Number of protein chains: 2
Amino acid sequence: MATIRDVAARARVSTATVSAVVNDSAYVSPELRIRVLAAISELNYAPSQAARSLKRGRSQLLALVVADLANPFFARLVWAAEAAVAAWGYSLVLFNSDEKPENERRILARIRALSCDGIILVPVDVVSTQPQRDSEGEAIPTVLFGRTVEGQNTDTITIDNVAAARQVTNYLMDLGHTRIGTITGPLHLTTGRGRLEGMLEAMRARGLTPAPNHIRAGEFREDIAYSVARELLTQPEPPTAIYVANGVMALGVMRALADLGLKCPDDISIASTDTIPGIGGLRPRLTRTEHPVIDMTNEALRLLVDRINRGSRADARNIVFQPSLVVGESCAPYKS
Amino acid sequence: MATIRDVAARARVSTATVSAVVNDSAYVSPELRIRVLAAISELNYAPSQAARSLKRGRSQLLALVVADLANPFFARLVWAAEAAVAAWGYSLVLFNSDEKPENERRILARIRALSCDGIILVPVDVVSTQPQRDSEGEAIPTVLFGRTVEGQNTDTITIDNVAAARQVTNYLMDLGHTRIGTITGPLHLTTGRGRLEGMLEAMRARGLTPAPNHIRAGEFREDIAYSVARELLTQPEPPTAIYVANGVMALGVMRALADLGLKCPDDISIASTDTIPGIGGLRPRLTRTEHPVIDMTNEALRLLVDRINRGSRADARNIVFQPSLVVGESCAPYKS
DNA sequence: GAACAGCAGCTAACCGTTTTGCTAGCATTC
DNA sequence: GAATGCTAGCAAAACGGTTAGCTGCTGTTC
């Protein structure tokens, strides 16, 4: 397509003037402006982003690295992020680390090569929090999303996992349940660890302790939660209520119940932190916490764009969002 | 970060030699190669993608434009596409047109400015099929996904919508249903139109016609399908089976049933074309067609990369995938 | 009316690669 | 030993923008 030189020639001005018109970066007389704009539209000119990036050192690209694209929670994040990124005038480059540290490393190298202006990262690995350096040795502005890792000095957007688990557990205890089991996420993740801690803390506060074999790891995956739930419910003294650490796993648990012929909430109460969009239509409605993904995403972008524009001088900001408990019909009072 | 000049200086060679090593594009003696590689790793050098794009005219970026990111079908496409794009050595730039032609136009302009090497497009608008010209006036290689539009001359990947609807409808009729209703998608889309046609065709083949007020438009949206289903089922002579045109709407219909106190499949049979991943865990399992999104995505990328490398000489290829019927428990034989 | 300030618009250097000649050194051939 | 052929490696010219710095015109001031 046409270059800035073609436009300049056709409008009988210099390339500097065309650039000034395109970027509105200097005064141009109305007469010349009109000639330039006419030439632009006649030649169907659009500035080359590659040339711009090279000269400006900014690419107008923001990277989003999610840990598991197949998880509806992150799918929702992608949806919200695409809109927010576009609203700020950037384009979104999407990556999926699939919970694998080696993928994450490869992706971060790629992001650096693309000279993305900023990164929203759902971290898998501690390594990833070492800030990524750009072509001038500056750290690429990064916001960690949803999870954090030890000793980072980066902006973070998280949910209060401990509080979420506490709310759900308290709700189950308020219904009279004492034999509560849980299917947790991976404990090397802050989301997994925090949610387990919150549950244990809430029970401890009422003098309760879950049986060791009522605490199971579910990897945040539907299929694993399914088989773990089957095990959990077929043992001699099964729990009367299960707290499930995320929405995808809750779906797996529901499937296990159906296959075991158990009725929810009559035979067992189920509640979770986090949910799946669209699941709202199915019965019984799940009692769960809702996490404000859209607000969290918008805030992440505000932080990121702010850091891009202001430089990375400011101290890291850690913003914690509060979940809200939504009561469905998946829990019933304890009956002995 | 370090530039190719820094590397060249440190290895005491020219930039051309460094480039030759990095791209493996010319013979370099083992001795120099070692010096260059050492310098690269000492300086932690990575070539600037911006400079490369500018010089080569290729950006290693592929654009994916989906019509509705909130729809799980497209979320799945995004997931599959990210993996496939990475496997081919590209990065994925994601856009959501949100079913709005004006968004689509803005996005395509942006894609051109970014000089993306190829586009996978779920088209909303007829306009979008006019091929997008790149900086040399060449059409940017494009594959239309899922939907087509009149008179295009582009590669397409689609599902056989008519066959999908026919299969589902025949299944319902085989169970003895004759009063079959449907909730369709938007009829300006080939997916919406094709599925309605397939249903009508199948019924016509057995001498049946649906009552006009049993054919309703649901916009492929959960909430609309919910209210349309309520209307459909509360009229004097409701259908005994409903064919729903996609998975999201099927969820809305199920929600309507629950709220109306109707039992599926005892009171009414439900079946759909297309489904939602993860819904498999819920009861009753939906009778529906499954669409091979992953295969379709991989094929789309094969086509796209092929066209990028070979140039756009070849004729447009239109590949149609076949859906498969998966029988759940959401349909029962007709009882008068 | 000379000196000068202000400013619209231009020229040209630069961003970091790739790639096209070209050079120089060596081996081969008669 | 001169002519020739080969080829490893180099210098320099793009690619298409942005922008610092300059030019030359107009208008103001004493």
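Order of the sequence lines fixes the chain letters, A, B, ..., with proteins taken first and strands second; residue numbering starts at 1 for each chain. Side-chain atoms are counted along with the backbone in the values below, which use heavy atoms only and exclude waters and symmetry mates. Here the structure is a predicted model, which means the values were calculated and not measured.
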(request) Not counting sequence neighbours, list each pair that qualifies as a side chain to side chain donor-acceptor pair (under 3.5 Å) and has a residue in residues 13-22 of chain B. (result) B/Ser14-B/Thr17, B/Ser19-B/Asn23
(request) Take atom CD of A/Gln60 and atom C1' of D/dT18, then tell me their distance rounded to the nearest Å. (result) 14 Å
(message) Test of understanding: with side chain to side chain contact (heavy atoms under 4.5 Å, CB included), list the residues that count as partners of B/Lys55, not counting sequence neighbours.
(response) none
(message) Heavy-atom nearest nucleotide on DNA chain D for A/Ser48 versus B/Ser29: which residue maps closer to 5'?
(response) B/Ser29
(message) Just to verify, what does A/Arg302 make a salt bridge (Lys or Arg N to Asp or Glu O under 4.0 Å) with, not counting sequence neighbours?
(response) A/Glu299
(request) Counting heavy atoms from C-beta on, name the nucleotide in D/dG9, C/dG9, D/dC15 closest to the side chain of A/Val28. (result) C/dG9
(request) Please collect all salt bridge (Lys or Arg N to Asp or Glu O under 4.0 Å) contacts where either partner lies in residues 79-100 of chain B, sequence neighbours excluded, each pair once. (result) B/Asp98-B/Lys100, B/Glu99-B/Arg147
(message) Using the side-chain contact (heavy atoms from CB on, under 4.5 Å) definition, which of the options B/Val320, B/Ile319, B/Ile159, B/Leu77 pairs with B/Met296?
(response) B/Ile159
(message) Output the rounded distance in Å from CD (A/Glu31) to C1' (C/dG9).
(response) 12 Å
(message) Tell me whether B/Asp117 is salt-bridged to B/Arg56, with the criterion being a basic N under 4.0 Å from an acidic carboxylate O.
(response) no
(message) Walk along nucleotides 19-25 of chain C from 5' to 3' and tag each nucleotide B, S or - by protein heavy-atom contact under 4.0 Å, base first, then sugar-phosphate.
(response) B------
(message) Can you work out whether B/Leu32 or B/Ala51 has the more 5'-proximal nearest nucleotide on DNA chain D?
(response) B/Leu32
(message) From CG of B/Leu54 over to P of C/dG16, roughly how many Å is that when rounded to an integer?
(response) 12 Å
(request) Verify the contact: side-chain N or O of B/Arg52 to OP1 or OP2 of C/dG16, cut-off strictly under 4.0 Å; return yes or no. (result) no
(message) Assuming nearest nucleotide by heavy-atom distance, tell me which of A/Ser14 and A/Arg5 is located more 5' along DNA chain C.
(response) A/Ser14
(request) Work out how much the helix from C/dG1-D/dC30 to C/dC30-D/dG1 bends between its end axes, five pairs an end, to the nearest 10 degrees. (result) 60°
(request) Can you tell me the distance, in whole Å, between the CD1 atom of B/Ile4 and the P atom of D/dA12? (result) 16 Å
(request) For C/dG6, take OP1 and OP2 only and decide whether either is under 4.0 Å from a side-chain N or O of A/Tyr27. (result) no
(message) What is the distance, to the nearest angstrom, from the CG atom on A/Leu114 to the P atom on C/dT17?
(response) 14 Å
(message) Rounded to whole Å, please give me the gap between CD1 in A/Ile40 and P in D/dG17.
(response) 10 Å
(request) Return yes if some donor-acceptor pair links the side-chain N/O of A/Asp6 with the main-chain N/O of A/Thr3 below 3.5 Å, else return no. (result) yes
(request) Report the C-alpha distance between B/Ile157 and B/Phe321 in whole Å, list the side-chain angles of each, state the deciding distance to 0.1 Å, and finish with yes or no for side chain to side chain contact (heavy atoms under 4.5 Å, CB included). (result) CA-CA 8 Å; B/Ile157 300 283; B/Phe321 280 76; 4.0 Å; yes
(request) Check whether any side-chain heavy atom of A/Leu108 sits under 4.5 Å from a side-chain heavy atom of A/Ile111, and report yes or no. (result) yes
(request) Nearest whole angstrom, please: distance from the C1' of D/dC15 to the CD of A/Gln49. (result) 15 Å
(request) Could you state the atom-to-atom distance from OH of B/Tyr45 to P of C/dT17 in whole Å? (result) 4 Å
